[in-house]
Amino acid sequence: MSLDFLGNLERTHLCGTLRAAEAGKHVVLMGWVNRRRDHGNLIFLDLRDRTGIAQVVLDAELCPEGHRKGEQVRPEYVVAAVGKVRLRDKDAINPKMPTGEIEIEATDLRVLNDTRLAPFSPSDDAIQNEEVRLKYRYVDLRRAEMQQNFRLRHDITLAIRDNLSQQGFLEIETPILTKSTPEGARDFLVPSRVHPGEFYALPQSPQIFKQILMISGFDRYFQIARCFRDEDLRADRQLEFTQVDLEMSFPRQETVFGVVEQFMKAAFAAAGVELPVPFPRISYDESMRQFGTDKPDLRLPGLTDVHSAFTSEALATLQVDPALPIVALRIPKVGELSRKEREDNHPLFDLKKGAKFIDDFKRLAKSFPEAAAKVRELAGAADEDFVIIVAGDPAHHIKASDTKFPGRLSEREINVYAAAGNFRAELAKKYAERHGAFRITDEVVQNARARSAALIDGSQAFHPMWLTDFPMFEYDLAAGKWVPAHHPFTAPIEADMPNLVSDPASVRANCYDLAMNGLELGSGSIRIHRKDVQQQIFASLGITEQEAKARFGFFLDALEYGTPPHGGIALGLDRIVMLLAGAANLREVIAFPKTAKAIDLMAEAPTPVSEQQLKELHIRVALKS
Ligand code: ASP
């Protein structure tokens with residue numbers, strides 16, 4: 001059909017904002033045809049823009065020209081409708097639509113553009129295959145749910161910026177083309193054309209620069225920072241992601257917590273959710289004991305220590321290590337898991353890691369009825385609850401770190417708790433699939449605020465938790481040495497510093513994580529601000545002076561120029577939005593995400609490049625055949 005020009009037509013209103021109070025007004029609306037219904041002399045167009053939908057009536061008598069065009073218009077055509085707002089007849093009122101009391105009696109219709117037929121329409125109720133959605137992302141993003149997600153993302157980001165600014169933080173940009181940073185993931189490298197054979201790295205975080213900004217006296221810095229890590233993708237990971245990154249001078253842990261609690265409160269308030277502060281705190285060891293993970297989901301029952309339920313005879317018969325924890329996990333109201341569900345989860349109980357699954361409660365109940373009853377009692381299990389028990393495998397030993405943790409959990413203990421914790425998290429998913437809890441409700445659309453509150457059956461939706469007192473080092477069995485559990489600029493807790501060399505396992509890091517609903521939202525630390533301590537840490541990590549100089553030399557130099565005590569944190573903005581949007585996946589809150597195979601299906605990246613480009617960059621590609 002022939003298309004019209006916009007001419008000097010100016011939009012006066014947004015579709016979704018019209019109400020009965022506007023009746024009688026002349027309006028000019030512009031947007032996409034969401035649906036079209038042809039009733040002969042009357043054609044109804046649902047006109048959609050980012051605020052919602054309004055119904056336009058093309059009456060063959062009142063607007064013959066518009067009606068004629070209306071016959072040819074198809075969904076997703078772009079049109080301008082000129083007309084008068086009028087109240088609908090009583091029986092035509094649609095209480096489900098915010099604009100359901102009115103309609104626009106058109107006097108003119110301009111068809112501004114037509115469209116090719118996409119494989120799906122934004123007005124489809126059924127959610128499409130994700131690959132198709134990502135390929136036609138421009139159409140997908142028109143869907144009300146996606147529009148909502150990005151409005152929410154905007155509101156949250158704005159609230160965080162405002163709040164941090166009020167708290168005295170300056171937003172300062174740091175370079176994207178830079179040098180490898182210390183987060184420990186793989187770097188994305190960018191070849192330098194002017195320096196043959198040399199590479200920039202994309203930042204895994206602004207870590208070093210933000211610390212330098214503290215040396216430079218900015219006192220409080222933040223940035224909504226894009227970070228790049230070349231890692232394998234999962235539902236809660238992307239190659240590039242956005243962090244709320246901040247750093248401050250002269251803080252204690254508590255100072256950082258206070259700042260974060262304030263901006264998180266503001267961010268959640270922007271989504272209509274009240275987040276009580278301060279957030280609860282738990283030490284790493286305690287979190288492992290109670291939840292078997294360092295990112296606890298407080299919506300599920302915790303683990304229970306049931307060691308006392310077993311006699312030593314029972315333990316010997318069951319072949320579990322009596323020196324290790326025995327923990328029970330209660331799954332509410334699930335009854336028995338199917339055999340398949342149990343088998344599916346078996347790989348979680350990686351026996352090499354030293355954990356063992358007492359998987360057949362019925363058999364236990366037969367041979368050791370008292371122990372079985374006691375376990376159920378300790379775990380607080382009702383009849384309809386399912387209980388599993390995880391214990392240590394006596395056949396498994398970890399040489400280097402078996403006994404080195406006075407007053408702390410050992411690796412073997414941690415492994416038992418972690419196996420139970422993994423199982424707990426996996427079961428939560430199954431539970432969700434079966435019972436609909438933790439599932440996003442389908443009445444997604446109207447309002448992100450209502451959605452975030454209605455996410456999870458019955459329980460309070462959002463459970464933040466600070467985790468503290470992490471071990472400073474982890475023993476890397478393969479490499480046979482202690483490695484930092486965090487980046488190597490993390491300070492040890494001052495009281496533990498004398499043990500750095502003599503007993504590294506006992507040293508706690510002055511760092512903290514923020515977890516929420518089973519996700520790690522972010523982590524941070526108080527940093528090392530003294531050269532002598534930094535050298536000690538490098539030494540205890542087996543990083544030679546030369547190595548340190550090559551990797552972070554400029555930063556070590558900067559440390560010598562009057563560095564104040566400082567610390568900070570970075571929280572995943574995408575994850576925060578994902579939680580508040582009730583989305584199951586980060587891709588729902590990132591406009592142009594990559595797939596789990598690290599591909600941008602719309603832009604078709606990555607791609608090979610021309611010989612000429614490679615030549616300019618002094619690169620030759622040698623593919624393994
Ligand atoms: N740079 C750290 C990270 O991205 C956060 C921090 O220590 O502030 O995990």
*Between the side chain of Gln238 and the main-chain N/O of Lys594, is any donor-acceptor distance below 3.5 Å?*
yes
*Please examine the side chains of Leu202 and Leu177, heavy atoms only from C-beta on, and report whether any two atoms are closer than 4.5 Å.*
yes
*Which value, rounded to the nearest 0.5 Å, describes the distance between Met516 atom CE and Phe279 atom CZ?*
5.5 Å
*Ion pair Arg143/Glu145, N-O distance below 4.0 Å*: yes
_Within this structure, what is the CG-CD distance for the pair Asp4 and Glu65, rounded to the nearest 0.5 Å?_
8.0 Å
_Ionic contact status for Arg48 with Asp46, cut-off 4.0 Å_ = no
*Could you tell me the separation between the CE atom of Met465 and the CG atom of Asn517, rounded to the nearest 0.5 Å?*
12.0 Å
_For the backbone of Val28 and the side chain of Thr12, can you confirm whether one donor and one acceptor N or O come within less than 3.5 Å of each other?_
yes
*Determine, for Glu520 against Arg575, whether the closest basic-nitrogen to carboxylate-oxygen distance falls under 4.0 angstrom.*
no
*With no hydrogens and no angle check, is any side-chain donor or acceptor of Ser165 less than 3.5 Å from a backbone partner on Arg161?*
no
*Does the Ser205 side chain pair with the main chain of Gln207, one donor and one acceptor, at a distance under 3.5 Å?*
yes
*Residue Tyr138 excluded, over 12 heavy atoms near OH under 6.0 Å*: yes
*asked:* Please check if the number of heavy atoms outside Tyr200 that lie under 6.0 Å from its OH is greater than 12.
replied: no
*Heavy atoms, side chains only, cut-off 4.5 Å: are Leu9 and Met30 in contact?*
yes
*Could you check Leu29 against Asp49 for side chain to side chain contact (heavy atoms under 4.5 Å, CB included), going step by step and ending with a plain yes or no?*
CA-CA 9 Å; Leu29 303 178; Asp49 64 21; 5.8 Å; no
*Walk me through it: do Leu14 and Arg50 pass the test side chain to side chain contact (heavy atoms under 4.5 Å, CB included)?*
CA-CA 8 Å; Leu14 292 164; Arg50 71 184 157 93; 4.2 Å; yes
_Least distance between heavy atoms, Val139 atom then Ala118 atom_ = CG2-CB, 4.0 Å
*Hey, would you say the Trp466 and Phe257 ring centroids sit under 6.0 Å apart?*
yes
_Aromatic centroids of Tyr221 and Phe169 separated by under 6.0 Å_ = no
*For Ala603, does its backbone N or O pair with a side-chain atom of Asp600 as donor and acceptor, under 3.5 Å?*
yes
*Pair Glu71 + Arg36, salt bridge at N-O below 4.0 Å*: no
*Would a 4.5 Å heavy-atom cut-off, applied to side chains only, mark Met264 and Ile576 as touching?*
yes
*Side chains of Pro464 and Leu275 in contact at under 4.5 Å (non-hydrogen atoms)*: yes
*Classify the side-chain pair Ser525/Arg527 by whether it contains a donor and acceptor separated by less than 3.5 Å.*
yes
*Are Arg88 and Glu101 ion-paired here, with the side-chain N under 4.0 Å from a carboxylate O?*
no
*Got Glu274 and Phe268 here, is their nearest side-chain heavy-atom distance under 4.5 Å?*
no
*Evaluate whether atom CZ of Arg19 has more than 12 neighbouring non-hydrogen atoms of other residues, nucleotides or ligands under 6.0 angstrom away.*
yes
*Presence of salt bridge, Arg220 and Glu247, under 4.0 angstrom*: no
*asked:* Atom CZ of residue position Arg74 - does it have more than 12 heavy atoms of other residues, nucleotides or ligands inside 6.0 Å?
replied: yes
_With rounding to the nearest 0.5 angstrom, report the CG to CG distance, Asp38 to Leu45._
9.5 Å
*Non-hydrogen atoms of Val589 and Phe150 that approach each other most closely*: O-CE2, 3.3 Å
*Pair Asp140 + Arg142: basic N to acidic O under 4.0 Å*: no
*Walk me through it: do Glu103 and Val56 pass the test side chain to side chain contact (heavy atoms under 4.5 Å, CB included)?*
CA-CA 6 Å; Glu103 60 193 4; Val56 175; over 6 Å; no
*Are Asp245 and Lys210 close enough for a salt bridge, meaning some N to O gap below 4.0 Å?*
yes
*Could you tell me whether a side-chain N or O of Arg137 sits under 3.5 Å from a main-chain N or O of Ala591, the two making a donor and an acceptor?*
yes
*To the nearest 0.5 Å, tell me how far Leu614 CG sits from Ile619 CD1.*
6.5 Å
*Look up atom CG in Asn163 and atom CZ in Phe222, then write down how far apart they are to the nearest 0.5 Å.*
9.5 Å
_side chain to side chain donor-acceptor pair (under 3.5 Å), that's the test. Do Gln204 and Asp187 meet it? Break it down for me._
CA-CA 7 Å; Gln204 291 186 33; Asp187 285 322; 2.7 Å; yes
*Using a distance-only test with no angle check, is there a side-chain donor-acceptor pair under 3.5 angstrom linking Arg37 and Gln55?*
yes
*Side chains of Phe199 and Val190: closer than 4.5 Å at any heavy-atom pair?*
no
*Do any N or O atoms from the side chain of Lys265 and from the backbone of Val277 form a donor-acceptor pair under 3.5 angstrom?*
no
*Do Leu467 and Pro296 have side chains that get closer than 4.5 Å, going by heavy atoms?*
yes
*Taking all non-hydrogen atoms of both residues, which atom of Asn149 and which atom of Val577 are closest, and how far apart?*
O-CG1, 4.3 Å
*For Glu131, does its backbone N or O pair with a side-chain atom of Asn129 as donor and acceptor, under 3.5 Å?*
yes
*asked:* Less than 4.5 Å apart, side chain to side chain, heavy atoms only: is that true for Ile160 and Leu573?
replied: yes
*Centres of the Phe250 and His566 rings: under 6.0 Å?*
no
*Going by atom types only, do Glu22 and His13 share a side-chain donor-acceptor pair under 3.5 Å?*
no
*asked:* As a test of understanding, state which of Thr99, Thr17, Leu18 forms a side chain to side chain contact (heavy atoms under 4.5 Å, CB included) with Thr51.
replied: Thr17
_Test log, rule side chain to side chain contact (heavy atoms under 4.5 Å, CB included), inputs Ile212 and Phe554_ = CA-CA 10 Å; Ile212 289 180; Phe554 71 104; 3.8 Å; yes
*Give a yes or no on this: more than 12 heavy atoms of other residues, nucleotides or ligands lie within 6.0 Å of atom CD of Glu10.*
no
*Are more than 12 heavy atoms from other residues, nucleotides or ligands located less than 6.0 Å from atom CG of Asp232?*
no
*Can you find a side-chain donor-acceptor pair between Asp162 and Gln166 that sits under 3.5 Å?*
no
*Does Glu616 come within less than 4.0 Å of Arg193, counting only side-chain N to carboxylate O?*
no
*Regarding Thr174 and Gln223, is there a side-chain donor-to-acceptor distance under 3.5 Å anywhere?*
yes
_I'd like to know if the side chain of His67 reaches the main chain of Gly40, judged simply by a donor and an acceptor atom lying under 3.5 Å from each other, with no hydrogens or angles considered._
yes
*salt bridge (Lys or Arg N to Asp or Glu O under 4.0 Å) between Glu231 and Arg186: does it pass, once the steps are laid out?*
CA-CA 7 Å; Glu231 294 179 306; Arg186 232 178 255 121; over 6 Å; no
*Under a 4.0 Å N-O cut-off, is there an ion pair linking Arg587 with Glu130?*
yes
